[in-house]
Undergrad: 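Supplied in structure tokens, the structure appears directly below.
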Protein chains: 2
Amino acid sequence: MHDPLRSQPNYDRLLDKLESMGPVTQEQRAAIRDLPIRVSEPKGDEDLVREGDAPKECCLVLEGFACRYKLLPDGRRQILSFHVPGDIPDLQSLHLRKMDHSLAALLPSRVVYIPHEAIRRLTHAHPRLTDMLWRDTLVDAAVFREWMVGLGRRSAYARIAHLFCELVVKFRAVGLAKDDTIELRLTQVELADALGLSSVHVNRVLQQLRGEEIIQMRTGRLQVLEWSRLTAAGEFNEDYLHLAAA
Amino acid sequence: MHDPLRSQPNYDRLLDKLESMGPVTQEQRAAIRDLPIRVSEPKGDEDLVREGDAPKECCLVLEGFACRYKLLPDGRRQILSFHVPGDIPDLQSLHLRKMDHSLAALLPSRVVYIPHEAIRRLTHAHPRLTDMLWRDTLVDAAVFREWMVGLGRRSAYARIAHLFCELVVKFRAVGLAKDDTIELRLTQVELADALGLSSVHVNRVLQQLRGEEIIQMRTGRLQVLEWSRLTAAGEFNEDYLHLAAA
DNA sequence: CGCAATATTGACCATCATCAATTGGCGTGG
DNA sequence: CCACGCCAATTGATGATGGTCAATATTGCG
């Protein structure tokens, strides 16, 4: 579980993301690479952090796929976000002591934990990096807002189309899309929990999207056959992902 | 529209909020009070910032009531958050160039606009203030998450009860609640747009909540008759508001 | 007093949830 | 290599929650 190594080569995805926001100096890059880390390789369906915890470190996803979620008293679940390599899904724990939701790996993944104290020193020493990390949490919030619109106002059909658009764009941004295809290992139950739907209904809408030849879904693989029809179906506009530089 | 005055006494609510997160030194307090501002007094139902804008300043609410929202192509609306005095609803614009949603006053209000450049200088000079402002945007995101759960998984009845709980707690936190009563000037259409419901259905559920003598609602006035039953109905737990110090 | 916005009501209906099987895919142990 | 078992996907039947439409009643306010 513990890994004494430092300066693993795996800040690359995170650095890529930060560089997409603006220039990163050699000094800043070095400061990030020097962050102490603890490596972990969760199996699929394993909680990384739980609601109620007061973690002392943040989790950076190196490989795999993760999500954040909340459980209701009766056991129903709402998935709040999906996370790809380069994301720090619980960066908010740096400033919010107690987790108001849980973080889980959805696939066997590789993550590193970075102590809050180290991040705090980093941010206090490098205001530009602070801005970038802050910005990252703000994009996070922007995605929440877009999901709220879907959950509150869009039909099941549009919601699913929209989520697929978002995932394709996010995967593409981290080099995990081959053309119009992504490796998406989500069960229909997981999709339903993200979309505020029942898995039965998700199943039916997926059949419709396939029948209309807008997408193709085989085991763990989503292929977009007609991007324009998918974005139209989901009323998708990627502005909310704020991929352009700050 | 423009007001050359500086050091208005109205940073009090913001300073109160920051102080609730941790100690604020005299120097930091002075730095905030010295921020240049432009005062504005929007009428009710007036947009302060619009989706697509690239604002060069942030908006601090001094008095009144505001909300953020998104419009769908067909004109339907999803309200994303409500804001009370002391809030900086569009602080995210400091790091996200283009607004992905709009900000509007719901009542005649008083707000000030603070230039991004001034805030940026402030944060780069005062890492502790940065942490606090960052934290504020993180609480914002935490509220989005809780709303997502409501929109995705809770019944109309629970959603409304939950929102009322949240509003009472938020109003109380800024001294705008008298005992169990708040001045809540929201139309049923506005409630519906926040809750992802139709106004007709909101009306019916409100009647139920009144009939059960859990709340009382007269014009612009919400009184909670039985807090325990309201929180139970809404499955409300205020942890997500992160009111306790960092 | 009269307008305009808001709230309320009733009738009807669509979307989506629930429940309960059944089918299919796939890894594993014999 | 094949049968078993498990999980995920699929299907059908039924019904509830909440939407839509349209009319009416209220309320605030100039």
Side-chain angles (χ1 to χ4, degrees), chain A residues 43-46 65 72 74-79 106-108 149-163 183-211 215-222 233-234, chain B residues 43-46 65 72 74-79 104 106-108 149-163 183-211 215-222 233-235:
Chain A
K43 314 232 167 301
D45 250 316
E46 182 177 326
F65 197 48
L72 291 173
D74 66 357
R76 279 178 306 170
R77 177 169 73 154
Q78 177 66 48
I79 289 179
L106 289 171
L107 296 177
V149 175
L151 291 167
R153 291 303 189 196
R154 282 198 258 261
S155 69
Y157 182 80
R159 257 183 263 184
I160 293 182
H162 193 281
L163 176 60
E183 194 188 330
L184 187 65
R185 294 168 182 269
L186 284 176
T187 67
Q188 294 178 359
V189 168
E190 288 161 343
L191 283 172
D193 285 344
L195 297 161
L197 299 168
S198 70
S199 64
V200 171
H201 200 61
V202 167
N203 180 288
R204 292 184 167 125
V205 175
L206 285 179
Q207 289 180 50
Q208 187 185 344
L209 283 167
R210 283 185 301 226
I215 62 164
Q216 190 163 347
M217 263 187 108
R218 294 199 302 280
T219 37
R221 182 186 167 79
L222 166 70
Chain B
K43 315 230 166 302
D45 250 316
E46 181 176 328
F65 197 48
L72 291 174
D74 66 357
R76 279 177 307 170
R77 176 169 75 155
Q78 177 66 48
I79 289 179
L106 289 171
L107 296 178
V149 175
L151 291 167
R153 291 303 189 196
R154 283 198 257 258
S155 70
Y157 182 80
R159 257 183 263 183
I160 293 182
H162 194 281
L163 176 60
E183 193 190 329
L184 188 66
R185 294 167 182 269
L186 283 176
T187 66
Q188 293 178 0
V189 168
E190 288 162 344
L191 283 172
D193 284 345
L195 295 162
L197 298 169
S198 69
S199 64
V200 172
H201 199 60
V202 166
N203 180 288
R204 292 187 164 123
V205 175
L206 286 179
Q207 290 181 50
Q208 188 185 345
L209 283 166
R210 284 185 300 224
I215 63 163
Q216 189 163 346
M217 262 188 110
R218 293 198 303 278
T219 38
R221 183 185 165 79
L222 167 70
E235 299 178 337

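A note on names: the letters A, B, ... follow the listed sequences, proteins ahead of strands, and every chain is numbered from 1.
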Undergrad: Whole angstrom is fine here: how far is it from CD in Gln78(B) over to P in dG19(D)?
TA: 12 Å
Undergrad: Judged by atom type as modelled, is there a donor-acceptor pair below 3.5 Å linking the side chain of Arg76(B) to the main-chain atoms of Arg153(A)?
TA: yes
Undergrad: Of the nucleotides dT6(C), dT10(D), dT8(C), which one has an atom closest to the side chain of Thr187(B)?
TA: dT6(C)
Undergrad: Is there side-chain contact between Thr187(B) and Glu190(B), with heavy atoms separated by less than 4.5 Å?
TA: yes
Undergrad: Rounded to the nearest angstrom, tell me the gap between atom CZ in Arg218(A) and atom C1' in dG24(C).
TA: 16 Å
Undergrad: For Gln216(A) and Leu222(A), indicate whether the former's side chain and the latter's backbone hold a donor-acceptor pair under 3.5 Å.
TA: no
Undergrad: To the nearest Å, give me how far apart CG (Asp45(A)) and C1' (dA8(D)) are.
TA: 13 Å
Undergrad: Determine yes or no for a side-chain-to-main-chain donor-acceptor pair under 3.5 angstrom, with Arg154(A) supplying the side chain and Arg159(A) the backbone.
TA: no
Undergrad: Under 3.5 Å, is there a donor-acceptor pair between the side chain of Gln78(B) and the main chain of Asp193(B)?
TA: yes
Undergrad: Taking the nucleotide of DNA chain D with the nearest heavy atom to each, does Arg185(B) or Ser199(B) sit closer to the 5' end?
TA: Ser199(B)
Undergrad: Indicate yes or no: at least one non-hydrogen side-chain atom of Leu206(A) is less than 4.5 angstrom from one of Ile160(A).
TA: yes
Undergrad: Using whole Å, report how far CD of Gln208(B) lies from P of dT8(C).
TA: 14 Å
Undergrad: Rounded to whole Å, please give me the gap between CG in Leu186(A) and C1' in dA9(D).
TA: 15 Å
Undergrad: Establish, with yes or no, whether the OP1 or OP2 oxygen of dG25(C) is under 4.0 angstrom from a side-chain nitrogen or oxygen of Thr219(A).
TA: no
Undergrad: Can you measure Met217(B) atom CE to dT27(D) atom C1' for me and round it to whole angstrom units?
TA: 15 Å
Undergrad: For Leu184(B) and dA7(C), give me the distance from atom CG to atom C1', rounded to whole Å.
TA: 15 Å
Undergrad: Grab the CD-C1' distance between Glu190(A) and dA9(D) for me, whole Å please.
TA: 13 Å
Undergrad: Where the side chain of Arg185(A) meets the backbone of Leu107(A), is there a donor-acceptor pair that is under 3.5 Å apart?
TA: no
Undergrad: Sugar-phosphate means primed atoms, P, OP1 and OP2; the rest is base. With that split, encode nucleotides 9-16 of chain C 5' to 3' as B, S or - using protein heavy atoms under 4.0 Å.
TA: BBB----B
